[in-house]
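Both counts, for ligands and for their atoms, begin at 1 and track the order of listing. Note that the structure is a prediction, hence the values are computed from the model and not measured. Below, each value reflects all heavy atoms present in this structure, side chains not excepted, and no hydrogens, waters or symmetry copies.
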Amino acid sequence: MNQTTIHQLMATKWIANAESNEHFHGFSMRLATNITLVKDLFFALYPEKKHPASFEKLLKVLEQLFNARSTALKNQDLERLREGNWYQSEQIVGMQLYADRFNKNLNGVTQKLSYFDDLGVNFLHLMPITTRPKGANDGGYAVNAYDKIDPTFGTAADLLDLTAKMRSKKMYLMLDFVVNHTSNEFPWAKKAIAGEAKYQNYYYTYPNREIPNEFEKSLPEIFPETSPGNFTYNAAMQRWVMTVFNSYQWDLNYTNPEVFIAMFTNLMHLVNLGVDVVRFDALAFLWKKIGTDSQNLPEAHQLIALFRLCLQIVAPGTVLLAEAIVAPKQIVKYFGQGNLEGNECEIAYNATFMALLWNSIATRKTLLLHQSLAHLPKKPAEATWINYIRCHDDIGLGFEDQHIYDIGWSAPEHRKFLLDYYCQRLDWSPAKGLLYMYNPNSGDGRITGSAASLLGLEKALLQKDTTKIAQAIKKITMLHAIILSFGGIPMIYAGDEIGTLNDYSFLKEKDKKEDSRWVNRPFQNWQTINTLGKKDSPANQIYATIKNLIAIRKKHTVFADQNNFKLHYSPNPHLFIYQRAATTADTIWIICNFNDTRETITSTFLEGIGCNLNHGIKDLITKKTYSKKKPLHQLDPFEILWLKLI
Ligand code: GLC
């Protein structure tokens, strides 16, 4: 399709219509802006000769989906466009939660909106709420329908009520779009099982092991303990189907343009419920190719850009979050690179940073943290991070071996140490985590556990050791102070704000006991929350500190992600030091101590990074001031300072 054909299409189909309707005018303009890019990406993945009618079908679908979007959301789209990169604001503070575990269901969440107000949270990530198979369903990541609310959570009306109330409070909502796979009960899967060749081609299905065996030669396993291999035999269909995650999660075949168009339609159904950020689940896996590990392939990036550019045409107020828990250098690529720069996801999980924080806690040193951050490629200016400590998944040791060697450690021994430290294989370690997907042959494994239990609170409480309890609390609040000041959206995992411990009840549930990620999917403890402010407990101290930190963050625009982050090398290997600076006058230095003893810092060093004691400096958290006469010499164990010139 050449440009003339595109202009003819625009003139006959859209431009004439647009004159009479303001919103449609916006749609036509956005279509005109993106259409060439969309076309190039589409034909790169789906050559025109092979799929002659598909592109025109996509254009028709875009128009239909735009027409189906409510006027309220269309108005909001325009406001967002005028507002610019709203997701980079210092005002945004997130919380991730399971609606049913938080407070029974969606209505329960609506009833607790004042809880978020009190803490200062205004951005919610609700874990999957759509229909899923009974029994094992990967916490809802096996999807039976993209737009039907599972009755456990309530109804579509309950969701609309929640989103309307959130919008009136200027709160933002993030929902998952499980883009890589559906459940084996999804209507397409059912039709495939019933023998419909069209739908068998919506997934990677094969009559025998020939092609699966070829794939298996280079495909790694995601859940080796619970779901070994990447294909599952379906006896009713008499075919093998690709199931990279669990056997009941069927990988979608995006080499088929029908799948892309149908999935974009599903995405829009979800977005039209009033979603501000879409979490693109497991997006690194979207394209499969024999002979590769089928992760992070260039075609996956083209496909994501295609989703993004189409979404921008239909619903430009909605942005995408990359859930790419992959190698550090690969993650930034999901913001888009080369001619796709800035045209994939606006937001990505800062998974490397998360893993490095856990590494620094275990080693009490910040060498690897510094070495890795110093070598990370830059993100595009319009993009931002979600900074987090814990989420519903395991912690993978996602940093590069080379950086471990660079600081003089052995990578395999160091990785083993971290698993030992967190997973109760060292007597002296304060952590109470569990090993996840451990492979005794390779020694590879991941870690599960709640932040508080991994940081020593559970063990300290058991031992009734007040010093250790105090230390665990300091670690919990220091890590939160880091994600609140690093640049990007801080995402608090519900329960961490009150120091929730591991929940071992999953061990008694048939469909959960094999998956220790459930140890960190606790029920929100409202009994404890009701005592906040009344009783001096660890929960109270943690909550009050985090609330205070959030309030301070929101008062300082320098915390907005204006690409104003500067990392400093610390001569003291236990300190982590960075700076957020808009102008010299508007600068905040962040210094934290990962050691369990006091650590010194010299005035010469502080002056060297511009933190000049001559002016006098103030710690925004404790409100203590320092000067030439009263210099800052040392930090307490796990202390964090947010310093500003007076
Ligand atoms: C993502 C989710 C995880 C899920 C997987 C498969 O990584 O965070 O919980 O198991 O995708 O959908």
Any side-chain donor near an acceptor of the partner, E382 and N85, under 3.5 Å
no
4.0 Å heavy-atom contact, M127 with ligand 1:
no
When distances are taken from atom 7 (O) of ligand 1, the protein heavy atom at minimum range is E323 OE2, 2.9 Å
Going by the order shown, which atoms of ligand 1 are within less than 4.0 Å of some heavy atom of R517?
3 (C), 4 (C), 9 (O), 10 (O)
Do we get R425 above Y438's six-membered ring, with its NZ or CZ under 6.0 Å from the centre and within 45° of the axis?
yes
H181 neighbourhood, listing ligand 1 atoms whose heavy-atom distance to it stays under 4.0 Å
6 (C), 12 (O)
Greater than 12 external heavy atoms within 6.0 Å of K104's NZ:
no
For atom NZ of K512, decide whether the heavy atoms of other residues, nucleotides or ligands shown that lie under 6.0 angstrom number more than 12.
yes
Run the numbers for me: atoms of ligand 1, each under 4.0 Å from some heavy atom of H392, listed by number.
2 (C), 3 (C), 8 (O), 9 (O)
Taking the inter-plane angle between the rings of F245 and F223 on a 0 to 90° scale, is it parallel (under 30°), tilted (30 to 60°) or perpendicular (over 60°)?
perpendicular
Only heavy atoms of R279, strictly under 4.0 Å: list the atoms of ligand 1 that pass.
2 (C), 8 (O)
Among non-hydrogen protein atoms, atom 1 (C) of ligand 1 lies closest to D281 OD1, 2.7 Å
Just by distance, with hydrogens left out, do Y203 and T182 show a side-chain donor and acceptor under 3.5 Å apart?
yes
Quick one: look up the protein heavy atom nearest atom 4 (C) of ligand 1 and list residue, atom name and how far away it is.
D138 OD2, 3.3 Å
Would the W188 and Y202 ring centres measure less than 6.0 Å apart?
yes
What protein heavy atom lies closest to atom 8 (O) of ligand 1? Include the residue and the distance to one decimal.
D393 OD2, 2.4 Å
